[in-house]
Amino acid sequence: MILVTGGAGFIGSNFVLDWLGHVGEPVVNLDKLTYAGNPDNLVALKSDERYRFVHGDIGDAGLVASLLKDSQPRAIVNFAAESHVDRSIHGPDDFIQTNIVGTFHLLETVRAYWTELDGSAKAAFRFLHVSTDEVYGSLEPGDSAFQETNAYRPNSPYSASKASSDHLIRAYHHTFGLPVLTTNCSNNYGPYQFPEKLIPLVIHNALAGKSLPIYGDGRQIRDWLYVKDHCAAVCRVLEAGRLGETYNVGGWNEKPNIDVVHTICDMLDELAPPSTRGLSPATYRSLITFVKDRPGHDRRYAIDATKIERELGWKPVETFETGIRKTVQWYLDHQPWVRNVTSGSYRQWVETQYRA
Ligand code: NAD
Ligand code: DAU
């Protein structure tokens, strides 16, 4: 079996569902269930004997040690993290605790477990750490896309905490021989993404007739990766990645934020016209509002994903146009899920972040 951490979050829950659907090997999911963790994402697995949920913190060495002893995983896929840049600006503490200190404790506990494994189990063991393109910093318009050899230049508390965890992963391989793999991916989008991130926030606000907040001039560029393509890349790296290597994972879909928001508005005009929802504007585009910029806002990210294609044969299946259509349709079809996750503390976050 494999141990997934953070499997109740956006990418983790897509990964667990896809893994059990395609690979079928049992999974234990260790998740702290922060505001971003939602067991409802995995409700379809309620009576699936291949799936077990454990509520806990990656930094709880006692819990993780006994979990490893009992379940004897052949691999760990580490998704657990605080993941939202804006929250890291309002309050970096949790980012330091989970992304740096938590990853350190997890590495120590896994190292102790791995050291005790015998010959073939020890050789086959893998620890895959999921990281981000944000560790490479910000690009200017004409710069080449990020390659695995780029220097780390994190600019936010979030990306600095992820960069620190990547360094720890690298050091545990170099110093102790722990069999690690690291993936650095671009902006994911798709089902089950918490509506604090741009794409689900825009869909959610538009359907409610609320303003669509664009930071600064809206010309910042991100590379968009459909979450299921990302999950397939993680599977492939786990299966065949070279130990100690990092692999950049991207969608070859660089887009300015304003274009992304226009695309979503136009798609909603077609699939759920404002009039059918009792809204007065003729088009969702008229809800767009430019608001104050994110402090230290990175201008452009772009991923060069040729290494993973050349070495492991992975490339994304979805274009932005196909992926965003699936995503918009998913949110339209899952309004009760959206209602559940946007109650309570979500409202407080929106009030804090978008206060004029
Ligand atoms: P998310 O915020 O949706 O989910 C994170 C999950 O981790 C939640 O279920 C949460 O409860 C859990 N968690 C948080 N702290 C924990 C702890 N101490 N112990 C155990 N579980 C804990 O995040 P996501 O968007 O699914 O991202 C998953 C991973 O991928 C993160 O490491 C993130 O940095 C990385 N990443 C995300 C993106 C993206 O676009 N979403 C892009 C690049 C990299
Ligand atoms: O690049 C990978 C990263 O992508 C991941 O490591 C992070 O975990 C993930 O959250 C994401 O970070 P971003 O900051 O790029 O994603 P976010 O959805 O928050 O913002 C995308 C862009 O949209 C960014 O330029 C900021 C802008 N934005 C965001 C929000 C929430 C707005 O203009 N308005 C908004 O309300």
Side-chain angles (χ1 to χ4, degrees), residues 4-15 29-39 41-42 54-60 63-64 77-89 94-95 97-99 101-103 105-106 129-136 138 146 154 156 158-159 161-162 165-166 183-190 192-202 205 211-225 227 230 234 249-250 255-258 260-261 288-294 297-303 341 349-350 353-354:
V4 168
T5 70
F10 162 48
I11 305 174
S13 56
N14 277 285
F15 180 84
N29 173 16
L30 171 68
D31 197 296
K32 189 179 171 183
L33 296 183
T34 67
Y35 77 93
N38 184 357
N41 299 357
L42 297 164
V54 177
H55 185 197
D57 192 319
I58 55 167
D60 182 342
L63 170 75
V64 177
V77 184
N78 183 32
F79 292 100
E82 290 293 334
S83 71
H84 191 35
V85 174
D86 293 321
R87 286 186 192 253
S88 84
I89 295 167
D94 289 345
F95 290 74
Q97 282 312 318
T98 284
N99 301 1
V101 181
T103 305
H105 286 302
L106 181 64
H129 177 65
V130 177
S131 190
T132 170
D133 59 2
E134 299 200 13
V135 297
Y136 298 121
S138 183
F146 300 132
S156 71
Y158 163 69
S159 54
S161 69
K162 292 295 289 186
S165 66
D166 294 7
T183 54
N184 292 82
C185 70
S186 55
N187 285 59
N188 283 223
Y189 67 103
Y192 301 112
Q193 187 167 29
F194 193 73
E196 63 186 355
K197 308 279 166 67
L198 181 69
I199 287 180
L201 181 98
V202 165
N205 281 15
S211 67
L212 311 180
I214 310 277
Y215 298 163
D217 64 1
R219 304 303 307 170
Q220 300 83 7
I221 292 174
R222 298 291 182 266
D223 169 60
W224 294 97
L225 173 65
V227 65
H230 179 206
V234 170
V249 186
K255 307 262 177 223
N257 293 336
I258 188 69
V260 169
V261 175
I288 290 173
T289 312
F290 288 87
V291 300
K292 72 170 186 284
D293 209 351
R294 171 186 280 174
H297 199 169
D298 284 338
R299 196 67 184 164
R300 175 179 164 232
Y301 305 141
I303 280 272
V341 300
W349 164 251
V350 169
Q353 171 63 8
Y354 298 99

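This chain uses plain numbering: 1 for the first residue, then up along the sequence. Both ligands and their constituent atoms are indexed starting at 1 by order of listing.
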- Message: Taking a cutoff of less than 4.0 Å between a non-hydrogen atom of the residue and any ligand atom, is Gly59 in contact with ligand 1?
- Response: no
- closest protein heavy atom to atom 16 (O) of ligand 2 is Asn187 ND2, 3.4 Å
- Query: When the ring planes of Phe79 and His230 are compared, do they come out parallel, tilted or perpendicular, using 30° and 60° as the limits?
  - Reply: perpendicular
- Message: Against Asp86, only a single residue in Arg294, Lys292, Lys197 fulfils salt bridge (charged side-chain N to carboxylate O under 4.0 Å, His left out); can you say which?
- Response: Arg294
- For atom 2 (O) of ligand 1, the protein heavy atom that lies nearest, with its residue and separation: Ser83 OG, 2.7 Å
- If you have a sec, work out which protein heavy atom is nearest atom 34 (N) of ligand 2 and how many Å separate them, to one decimal? Pro213 O, 2.9 Å
- Query: Would you say Leu201 and Pro213 make side-chain contact, with heavy atoms under 4.5 Å?
  - Reply: yes
- Nearest to atom 19 (O) of ligand 2, what protein heavy atom do you find, and at what distance? Arg294 NH2, 3.0 Å
- Note on the structure: atom 21 (N) of ligand 1 has as its nearest protein heavy atom Lys32 N, 3.1 Å
- Task: Between Tyr158 and ligand 1, find which residue part has any heavy-atom pair under 4.0 Å and reply side chain, backbone, both or neither.
- Result: side chain
- Phe79 near ligand 1 by a heavy-atom separation under 4.0 Å: yes
- Item | Identity and separation of the nearest protein heavy atom to atom 27 (C) of ligand 2 | Asn257 ND2, 3.5 Å
- Message: Counting only heavy atoms, tell me which of Glu196, His297, Gln220 gets closest to atom 26 (C) of ligand 2.
- Response: His297
- Distance col, row Lys32:NZ vs Ile58:CD1, nearest 0.5 angstrom, shows 9.0 Å
- Gln353 heavy atom under 4.0 Å from ligand 2: no
- Item | Closest candidate by heavy atom, reference atom 8 (O) of ligand 2, pool Ala36, Ser83, Ser211 | Ser83
- of all protein heavy atoms, closest to atom 27 (O) of ligand 1 is Ile11 CD1, 3.7 Å
- Item | Donor-acceptor pair between Asn78 and Thr5 side chains, under 3.5 angstrom | yes
- Determine, using heavy atoms of Lys162 and all atoms of ligand 2, whether some pair is separated by less than 4.0 Å. no
- Judged by non-hydrogen atoms, does Gly7 sit under 4.0 Å from ligand 1? no
- Message: For the backbone of Val227 and the side chain of Asn14, can you confirm whether one donor and one acceptor N or O come within less than 3.5 Å of each other?
- Response: no
- Task: Using salt bridge (Lys or Arg N to Asp or Glu O under 4.0 Å) as the criterion, list what pairs up with Asp217, not counting sequence neighbours.
- Result: Arg299
- Task: Could you tell me whether ligand 1 has any atom less than 4.0 Å away from a heavy atom of Gly56?
- Result: yes
- How are the rings of Tyr301 and Phe146 set to each other: parallel, tilted or perpendicular (split at 30° and 60°)? tilted
- ligand 2 N/O within reach of Ser186 N/O, cut-off under 3.5 Å: no
- Sub-4.0 Å heavy-atom approach of Gly102 to ligand 1: no
